[in-house]
Structure formats: C-alpha cells, structure tokens
2 protein chains.
Amino acid sequence: MPDPIWRRIAEDLRLKIETGELGSGGKALPSELELRDEYRASRNTVRDAVKWLISRGLVETRPGQGTYVVQAIDPFVTSLTAEHSPGVSQTTTYASEVAGRKATVSDPRIEVQKATGKVAEQLGLTEDDSVVSRHQRRFIDDIAWSLQTTFYPMDFVVRGATELLVPQDKPEGVVQYLAEKLGIRQTGWTDIMQVRAPDEVESDFFGLPDDGRVAVIEIRRTAVDQDKKPFRITITTYPADRNQFTVTVVENE
Amino acid sequence: MPDPIWRRIAEDLRLKIETGELGSGGKALPSELELRDEYRASRNTVRDAVKWLISRGLVETRPGQGTYVVQAIDPFVTSLTAEHSPGVSQTTTYASEVAGRKATVSDPRIEVQKATGKVAEQLGLTEDDSVVSRHQRRFIDDIAWSLQTTFYPMDFVVRGATELLVPQDKPEGVVQYLAEKLGIRQTGWTDIMQVRAPDEVESDFFGLPDDGRVAVIEIRRTAVDQDKKPFRITITTYPADRNQFTVTVVENE
DNA sequence: AACGATTTGTTCGTATGTATC
DNA sequence: TGATACATACGAACAAATCGT
C-alpha cells in the first residue's frame with residue numbers, strides 16, 4: 001500500500017467518474033460525509049481526494065450544493081496563420097474556424113503610456129517615447145474568450161492617425177486604417193506563444209479558479225510593415241481550458 | 001476581513017518571495033513551525049498557504065529539507081513555421097532558436113497498430129488498415145523536453161519504405177527518405193495545438209508534479225504531400241513550464 | 001553505520017463559518 | 001427557518017525523508 005489513502009480514494013472516484021458511474025446527468029457526487037462513511041476515512045481525507053480531482057479539472061465544488069463533474073467545453077479554434085482578408089480586422093480578432101458562434105468585442109480602453117520593456121524594444125522606441133494602447137475584451141457566445149492589448153507608437157497619432165485615440169471598435173480594422181492614413185502596410189507577423197498562470201485580472205474576467213489550476217495562453221504578435229519594421233504589438237491571453245490553435249504552413253515550391 | 005487566513009499568509013509570502021526577501025540564493029523558506037509562530041496560525045493553515053504557492057508554481061517542498069522558491073527555467077523556443085532546411089529532420093525535431101543547447105533524440109520505439117480514430121480519419125484509412133508508429137523521447141541539455149509519436153500508413157512499408165520499421169533515429173529525416181523512396185514530397189502541414197493536463201506517462205517522463213498543476217502542450221501535425229494528401233501525423237507533447245513557440249507569417253505580395 | 005534532530009507528509013477529530021435550498 | 005453541503009481553522013499524532021553528528 002504505497003499510496004496514501006486520499007490518493008486511492010481519488011483514483012477510485014476518477015474511475016467512477018470516467019465510466020459515468022458517478023456524476024452523470026449533472027447529478028452531484030455523494031456528499032463529503034457520505035464519502036467519509038463509504039470509504040471509512042475522515043472527512044478531511046476525503047476532502048484531500050476531492051482536491052486532487054479539482055486540480056485535475058475533473059470536478060468542481062459548489063458551497064451549499066455539492067460536488068459536480070465538470071462538463072467539457074466545446075473548444076474554440078483560432079488560426080494563427082489566417083490569410084489576411086480585406087475587411088476582416090486582424091487587430092481585434094483572429095479568424096475563427098467555428099461557424100455559428102457569435103464573436104463580440106468590447107469598445108477599447110485607450111491609454112497613452114511610456115514605452116517600457118519589451119514593447120519599447122521591439123517597436124524600436126526608447127523610454128522617452130510614448131505608445132498608444134488599445135485594450136479590448138472579447139467574447140464568444142457571450143462567454144469571456146480573450147483579453148487583448150495592442151500597442152502602437154504615439155508617433156502614429158502625431159503623423160495623422162488620430163483615430164487610434166478613439167475609444168471605439170474599428171470593425172474594418174486598424175491595419176487597413178493605418179495603410180490608408182500613413183501608408184503602413186502589414187506584410188507579416190511573428191507570434192510568440194507561452195503558457196503561464198493567470199494574473200488576477202485574467203482570473204476575474206475568465207472566471208477561472210484562483211488556485212492557478214487553469215493556465216492562460218499568452219500570444220505576443222509583432223506585426224511588421226513593408227520595410228520589415230515592427231509597427232504594432234498585440235498581446236492576447238486565452239484561458240487554456242477552452243481554446244485551441246491551428247497553424248498552417250504551405251511551403252513554396 | 002473577507003479573505004481567509006491562509007490566503008493572507010499566502011499573499012504575504014508571495015510578496016516577500018517576489019521582492020527577494022525570502023528564498024533568494026537557494027535558501028529555504030522558514031519551516032512550517034516557524035511560520036506557524038510567525039503568523040500565529042496553526043500549522044495546517046500555514047500548509048494551506050504553502051499549497052497555494054505551490055499551485056501557482058512559486059515554491060516547491062522537499063520532504064525532510066524544507067520549502068524552496070522555484071527557479072525559473074530558461075524556456076526553450078520552438079518554431080512551428082521553420083523553413084524546411086535540407087539535412088534537418090522535420091520528423092524528429094522542429095528547428096530550435098536557442099543556440100548552445102544540445103538536443104538529443106532517443107531511438108524510436110516502433111509499433112504496428114490498427115488505424116484508429118482521428119489518425120485513421122486524417123490519413124484517409126479505415127479501421128482495417130494498419131499504421132506504423134515511431135515513438136521518440138527528446139531531450140535538451142539532457143532534460144526531458146518532449147514526447148513524439150509519428151504515424152505513417154503501413155502501405156508505405158509495403159511499397160518499399162522498409163526502413164520505417166528500423167528502430168533507429170534517422171537524423172537525415174524520414175521526410176527525405178520518403179521523398180527518395182516513394183516520391184512523396186512534403187509540401188506543407190497543419191498543426192493543431194491544445195493545452196491539457198498530463199497523463200501518467202507524461203508526468204513520469206517530464207518529472208511533473210502529479211497534481212496536474214503543470215499542463216502539457218499537445219501539437220498534432222498533419223503533413224501533406226504534393227497532392228495535398230495527408231501522409232504523416234505527428235503528435236508531440238511538451239511540458240508547458242519550459243516551452244514557448246513561435247509562428248512567423250510572411251504574407252505573399 | 002547508527003542515531004537523533006529537523007522538516008514535510010498523512011490522517012484523524014472537532015468546531016465553526018458560509019452558501020444554498 | 002432549518003437542514004444540508006462545502007470552507008476554514010485549530011490541535012494532535014505519527015510517518016517518511018533528509019541531514020549532521
């Protein structure tokens with residue numbers, strides 16, 4: 001008997017959950033007191049087992065109600081190599097593969113900040129320069145889907161792209177606007193993707209448990225213009241439990 | 001006082017860790033008994049706080065030794081859109097961005113199986129067909145880095161590509177071998193990327209905690225030939241705590 | 001090699017608080 | 001309002017791992 005009691009209970013419950021013996025049909029698991037009697041352990045030991053199931057994302061507890069099996073979420077698929085379609089904003093949304101789902105975007109929160117750290121570095125700015133940031137919350141079927149912040153050099157506004165400061169979504173796309181206004185054409189981008197624990201803002205917005213169990217996927221997109229000069233940085237975070245990504249590469253012949 | 005005691009202790013410890021006041025220089029945190037006295041709480045309550053820090057990946061406990069601040073791992077960066085360089089195997093390794101790191105690959109474990117599920121579907125096979133799978137363990141600087149399984153139609157072997165059954169790494173690349181032997185040229189691929197909890201094999205190999213805290217990133221790559229027909233499926237899993245990915249897109253003019 | 005001290009891990013019992021029905 | 005269920009907190013005991021003597 002190498003394993004602790006709580007672990008054996010957890011494995012037993014996992015088996016019963018995966019075979020559908022427990023929790024099917026939205027019914028709750030037996031209460032902690034019932035499990036205590038069933039496994040002849042203390043309530044604390046049973047709770048340790050349930051905590052392990054929670055950490056695996058198999059169940060969730062609702063105070064005053066019971067312990068429920070977590071229903072799998074139909075994942076939303078985002079392409080990181082979508083073709084640039086005119087009229088489709090590359091700034092606020094990536095192309096969606098899933099039909100029949102309603103994507104909505106909040107109006108952006110505009111801020112003007114000092115350029116700092118990696119953003120300044122990648123945009124070729126110094127600490128004295130300013131950047132415009134446009135922060136948006138994005139939903140699918142009214143479910144919190146991603147948080148997105150895009151940075152532009154403040155110089156763009158000075159040179160005439162004043163609409164960057166308008167706190168309103170541009171469905172036709174900021175990329176197209178910059179092309180018309182400043183002659184800056186987007187010719188490509190590089191994404192850097194990492195998985196990390198959510199911060200408090202992300203936990204709140206996505207409704208994630210505060211134990212850091214569900215990770216977020218952070219994608220930093222650096223877009224370059226016709227001179228291969230980075231002109232825009234977009235940072236998007238997605239909760240890992242309901243997002244997938246695709247990358248399609250066609251080698252040139 | 002809306003927050004539980006364990007949470008306040010955890011936040012306080014987090015602050016002290018992030019400012020370097022605690023745990024810097026590889027020293028252990030105060031023992032649970034010391035923390036109990038310091039915060040005037042019970043040992044169990046202190047342990048709840050530490051558990052939260054563990055779940056955030058900030059600290060780790062070592063039985064008989066103490067609680068230590070987790071050292072950040074220098075992430076390994078993998079490109080999902082690397083150019084196909086002759087001589088570089090696209091089968092066993094993606095291109096690495098990080099210099100000075102030694103990548104090694106185990107000899108493959110070869111299996112012949114019935115084609116099932118998505119693999120059969122994407123390769124255009126039926127349940128009666130067989131597939132060859134080549135499973136490899138990959139290391140960077142002798143650290144477990146990824147697990148990879150590649151599936152080919154058994155028909156390839158029948159048609160002459162018998163080396164698919166040789167349990168030995170092909171540094172020059174299976175892709176090149178298939179091109180020479182069968183005239184199948186890889187012209188592109190599609191990756192599907194998801195984040196999920198590790199299974200037991202992955203936890204063991206990567207040395208992950210068994211509480212599912214550290215997720216794995218699973219990438220399923222479907223490669224297509226000159227007729228746009230899928231001919232190879234590669235499933236690779238990476239531990240999320242030490243891997244990043246890049247995607248570079250250059251729009252054609 | 002053996003032992004004792006220290007530290008984390010497991011398990012129990014108990015009491016009280018809070019949310020839901 | 002009362003009953004039920006999960007959440008928090010405390011105290012206690014023993015086990016297991018580690019380290020220094």
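Chain A is the first sequence line, chain B the second, and so forth, proteins listed ahead of strands; every chain is numbered from 1. The figures that follow rest on heavy atoms only: side chains count, while hydrogens, waters and symmetry mates do not. If you're wondering where the values come from, they're calculated on a predicted model, not measured in any experiment.
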Side-chain touch A:Phe139/A:Val105, heavy atoms, less than 4.5 angstrom
no
Donor-acceptor check, side chain of B:Asp199 to backbone of B:Val201, threshold 3.5 angstrom: yes or no?
yes
Taking side chain to side chain contact (heavy atoms under 4.5 Å, CB included) as the test, write out the residues that go with A:Glu127, two or more places apart.
A:Thr116
Please name all residues satisfying salt bridge (Lys or Arg N to Asp or Glu O under 4.0 Å) with A:Glu218, sequence neighbours left out, ordered by chain then number.
A:Arg196, A:Arg220
Any base atoms under 4.0 Å from B:Ile5, or only sugar-phosphate, or nothing? Heavy atoms, all strands.
sugar-phosphate
Any side-chain to backbone donor/acceptor pair from A:Asp169 onto A:Asp107? Under 3.5 Å, distance only.
no
Please list, in 5' to 3' order, the outermost nucleotides of DNA chain D lying under 4.0 Å from any heavy atom of chain B.
D:dT8 to D:dC19
Using the test salt bridge (Lys or Arg N to Asp or Glu O under 4.0 Å), find all partners of B:Lys114 that sit at least two apart in sequence or belong to another chain.
none
Protein-nucleic acid N or O pairs under 3.5 Å, nucleotides 13-15 of chain C:
{"from": "C:dG13", "atom 1": "O6", "to": "A:Asn44", "atom 2": "ND2", "distance (Å)": "2.7"}

Which residues satisfy the side-chain hydrogen bond (donor to acceptor under 3.5 Å, both in side chains) test with B:Ser146, sequence neighbours excluded?
B:Arg138
Let me spell it out: for each of A:Arg40 and B:Pro30, pick the nucleotide of DNA chain C with the closest heavy atom. Which residue's pick is nearer the 5' end?
B:Pro30
Residue list, salt bridge (Lys or Arg N to Asp or Glu O under 4.0 Å) with A:Glu38, at least two apart or on another chain:
A:Lys16
B:Tyr238 vs B:Phe245, test: ring pair (Phe, Tyr, Trp, His ring centres under 6.0 Å). Steps then yes/no.
CA-CA 10 Å; B:Tyr238 304 82; B:Phe245 299 88; 4.9 Å; yes
Which ones in residues 60-71 of chain B lie close to DNA chain D, meaning a heavy atom under 4.0 Å from one of its atoms?
B:Pro63, B:Gly64, B:Gln65
Let me check something: any side-chain donor-acceptor pairs from residues 41-52 of chain B under 3.5 Å, sequence neighbours excluded? List them with distances.
{"from": "B:Ser42", "atom 1": "OG", "to": "B:Asn44", "atom 2": "N", "distance (Å)": "3.4"}
{"from": "B:Ser42", "atom 1": "OG", "to": "B:Thr45", "atom 2": "N", "distance (Å)": "3.2"}
{"from": "B:Ser42", "atom 1": "OG", "to": "B:Thr45", "atom 2": "OG1", "distance (Å)": "3.1"}
{"from": "B:Arg43", "atom 1": "NE", "to": "B:Glu32", "atom 2": "OE1", "distance (Å)": "2.8"}
{"from": "B:Arg43", "atom 1": "NH2", "to": "B:Glu32", "atom 2": "OE1", "distance (Å)": "2.9"}
{"from": "B:Arg47", "atom 1": "NH1", "to": "B:Glu32", "atom 2": "OE2", "distance (Å)": "2.9"}
{"from": "B:Trp52", "atom 1": "NE1", "to": "A:Asp210", "atom 2": "O", "distance (Å)": "3.0"}

Angle of first-five versus last-five pair axes in the helix from C:dA2-D:dT21 to C:dC21-D:dG2, to 10 degrees:
10°
List for me each residue that meets salt bridge (Lys or Arg N to Asp or Glu O under 4.0 Å) alongside B:Glu34, sequence neighbours excluded, and say none if there are none.
none
Residues in side-chain hydrogen bond (donor to acceptor under 3.5 Å, both in side chains) contact with B:Thr61, at least two apart in sequence or another chain
none
Pi-cation contact, A:Phe76 with A:Arg242 (under 6.0 Å, within 45°):
no
